[in-house]
Amino acid sequence: MTSYLVRSSKGQIKIQEMAFVLVALMIFFSVAIIFYISLNSADRKDKVLEQRENEVLETLRKLADSPELRWSDSHEECNGCIDLDKAILLKDPQRNQQVRALWNMGALSLEVISPSRTGECSIGNYPLCKTITLINSTIGSRIQYEGAFVSLCWREQQSRICEIGKIIGSPKELR
Amino acid sequence: MKNSKGQEEVVGFVVIVVLVAVVFVLMLGFSPKEPIVKENASKDIRHFLESLRVYTTDCRLSEQVPLEYKGLIGSCYSGRVCLSGKKACDVLNSTTNDILTKSFPNGKDYPIKGVRFNIYYNESTGSESNIASLSQGNCSTSHRSAEDFFPLGLGQVTVSLKICY
């Protein structure tokens, strides 16, 4: 009777050990899976952010390719080139209103990066200026501005002068 | 005796399950990442290189037209001198340095820690020669890069830019 009881309790202890090991393994693998999923979701968040940034850049580049801004010359093809002569004319209030309605953006400006320039462009100081602001209806907003590299070109006598710049824009803020 | 055999079988089964689970977790961890993401991330650098190609430089070979960056690379490769008396390669180096500093401000206090820029000429025979190289800041961290190509003579020019974060 006694020996049966001893054997039975030994067996129970072994089964308990096995159960503990299994539970520990379950916990270990659930922690590993949770860790993997959290890493993966963080990676996915980064990918989504990157994708959004790329979408904004592509939209801005498409805008740079629109007939209102694009450098058009039958002799020279220029990818991502903006005609600053056209852009400065869009600052005229009447044309500017049409452009605002057409593009429906919160902000849109062109900025020369190289060579170094300063000041907002006007007919008086063009082309030796830094920024041409076409739309600016989001002053004080928290919307982040994005910029895509473009070539900012104008005509000087018979040649084309191009500088490195950015087209900077943001969507309209929701009210 | 029967009981201990049964227990051994259970232990063996548990070991197999554990091994399969470990292999599964390792496979998940080391699954290859999509290379497309890197390509997308370099879009803005590619746009920059496209703009750089048509940038008007200070070098003139004739009175009328100033050279574009692309033309300046060709002039540097063939060892020409600008009307100002400066060597085309010197103008290429100073122009590149100036543009990169303004377009990608870098250093310890900036999000961009360093920049690596190279221009190579790949001849039709397959040999490669360096036209210009420029290095700013530290580039041992993560990076994004892009390349631009255009034909020159019988070969091809490769312009590469690496931005380090």
Side-chain angles (χ1 to χ4, degrees), chain A residues 7-8 10-11 14-15 17-18 21-22 25-26 28-29 32-33 35-37 39-40 43 46-47 50-51 53-58 60-61 64 71 76-82 112-117 146-154 156-167, chain B residues 3-4 6-7 10-11 13-15 17-18 20-22 24-29 31 33-34 36-58 60 62-70 95-105 144 146 148:
Chain A
R7 245 196 297 166
S8 172
K10 260 190 181 176
K14 275 188 180 174
I15 288 168
E17 276 174 1
M18 179 78 79
V21 169
L22 282 174
L25 280 173
M26 285 269 291
F28 171 72
F29 283 114
I33 286 166
F35 180 66
Y36 174 77
I37 288 169
L39 270 184
N40 216 21
D43 200 33
D46 284 350
K47 279 180 195 169
E50 253 174 37
Q51 215 167 338
E53 200 183 301
N54 279 326
E55 274 170 19
V56 174
L57 290 182
E58 281 306 310
L60 289 172
R61 287 280 294 194
W71 176 272
E76 294 170 290
E77 202 181 295
C78 192
N79 200 13
C81 292
I82 288 179
V112 177
I113 289 176
S114 182
S116 294
R117 297 266 165 74
E146 297 283 352
F149 281 106
V150 284
S151 294
L152 302 175
C153 308
W154 77 90
E156 194 180 73
Q157 293 163 353
Q158 286 178 337
S159 55
R160 180 182 71 188
I161 305 291
C162 287
E163 298 176 336
I164 290 182
K166 273 190 168 182
I167 179 166
Chain B
N3 194 18
S4 82
Q7 276 185 352
V10 171
V11 171
F13 175 70
V14 169
V15 168
V17 169
V18 168
V20 169
V22 167
F24 178 68
V25 169
L26 285 177
M27 271 173 66
L28 283 179
S31 58
K33 301 279 179 277
E34 295 151 46
I36 302 158
V37 178
K38 269 194 175 176
E39 204 183 301
N40 279 340
S42 310
K43 242 174 205 171
D44 57 332
I45 304 175
R46 223 165 40 222
H47 291 159
F48 170 78
L49 291 177
E50 264 178 29
S51 307
L52 183 65
R53 207 198 267 210
V54 292
Y55 180 79
T56 309
T57 67
D58 292 333
R60 283 172 190 264
S62 66
E63 282 297 333
Q64 290 101 21
V65 190
L67 277 180
E68 285 186 351
Y69 192 86
K70 183 181 159 186
T95 306
T96 308
N97 191 35
D98 188 46
I99 292 172
L100 287 177
T101 310
K102 281 169 190 154
S103 305
F104 302 101
R144 294 189 296 152
D148 188 31

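Each chain gets a letter, A, B and so on, in the order the sequences are listed, and its residues count up from 1. Below, each value reflects all heavy atoms present in this structure, side chains not excepted, and no hydrogens, waters or symmetry copies.
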A.B. asks: Taking B:V65, B:I99, B:T57 one by one, which has the highest count of heavy-atom pairs under 4.5 Å against chain A?
C.D. replies: B:I99
A.B. asks: Angle class for the A:F149/B:F48 ring planes (parallel below 30°, perpendicular above 60°, tilted otherwise)?
C.D. replies: perpendicular
A.B. asks: Measure across B:V54 and A:C162 and return the closest heavy-atom pair with its distance rounded to 0.1 Å.
C.D. replies: O-CB, 3.3 Å
A.B. asks: From B:Y55 OH over to A:L152 CG, what is the distance, rounded to the nearest 0.5 angstrom?
C.D. replies: 11.5 Å
A.B. asks: Could you state the interatomic distance from NZ (B:K102) to OG (A:S116), rounded to the nearest 0.5 Å?
C.D. replies: 3.5 Å
A.B. asks: Which distance, rounded to the nearest 0.5 Å, do you find between the SG of A:C81 and the CZ of B:R53?
C.D. replies: 10.5 Å
A.B. asks: Roughly how far apart are B:D44 CG and A:L60 CG, rounded to 0.5 Å?
C.D. replies: 12.0 Å
A.B. asks: Can you say whether A:L22 sits under 4.5 Å from chain B via the side chain, the backbone, both, or neither, judging by heavy atoms?
C.D. replies: side chain
A.B. asks: What part of A:R61 gets within 4.5 angstrom of chain B, counting heavy atoms only: side chain, backbone, both, or neither?
C.D. replies: side chain
A.B. asks: Can you tell which part of A:E58 gets under 4.5 Å to a heavy atom of chain B, answering side chain, backbone, both or neither?
C.D. replies: side chain
A.B. asks: Using non-hydrogen atoms only, which part of B:L49 is less than 4.5 Å away from chain A: side chain, backbone, both, or neither?
C.D. replies: neither
A.B. asks: Can you tell me how far apart OG (A:S151) and NE2 (B:H47) are? Round to the nearest 0.5 Å.
C.D. replies: 11.0 Å
A.B. asks: Go through A:R160, A:E163, A:K166, A:Q157 and name the one with the most non-hydrogen pairs under 4.5 angstrom from chain B.
C.D. replies: A:R160
A.B. asks: Does the side chain of B:T56 come within less than 4.5 Å of A:E156's, by heavy atoms?
C.D. replies: no
A.B. asks: Is A:L25 close to chain B through its backbone or its side chain, or both, or neither, when contacts mean heavy atoms under 4.5 Å?
C.D. replies: side chain
A.B. asks: Are there over 12 heavy-atom neighbours, none belonging to B:D58, within less than 6.0 Å of that residue's CG?
C.D. replies: no
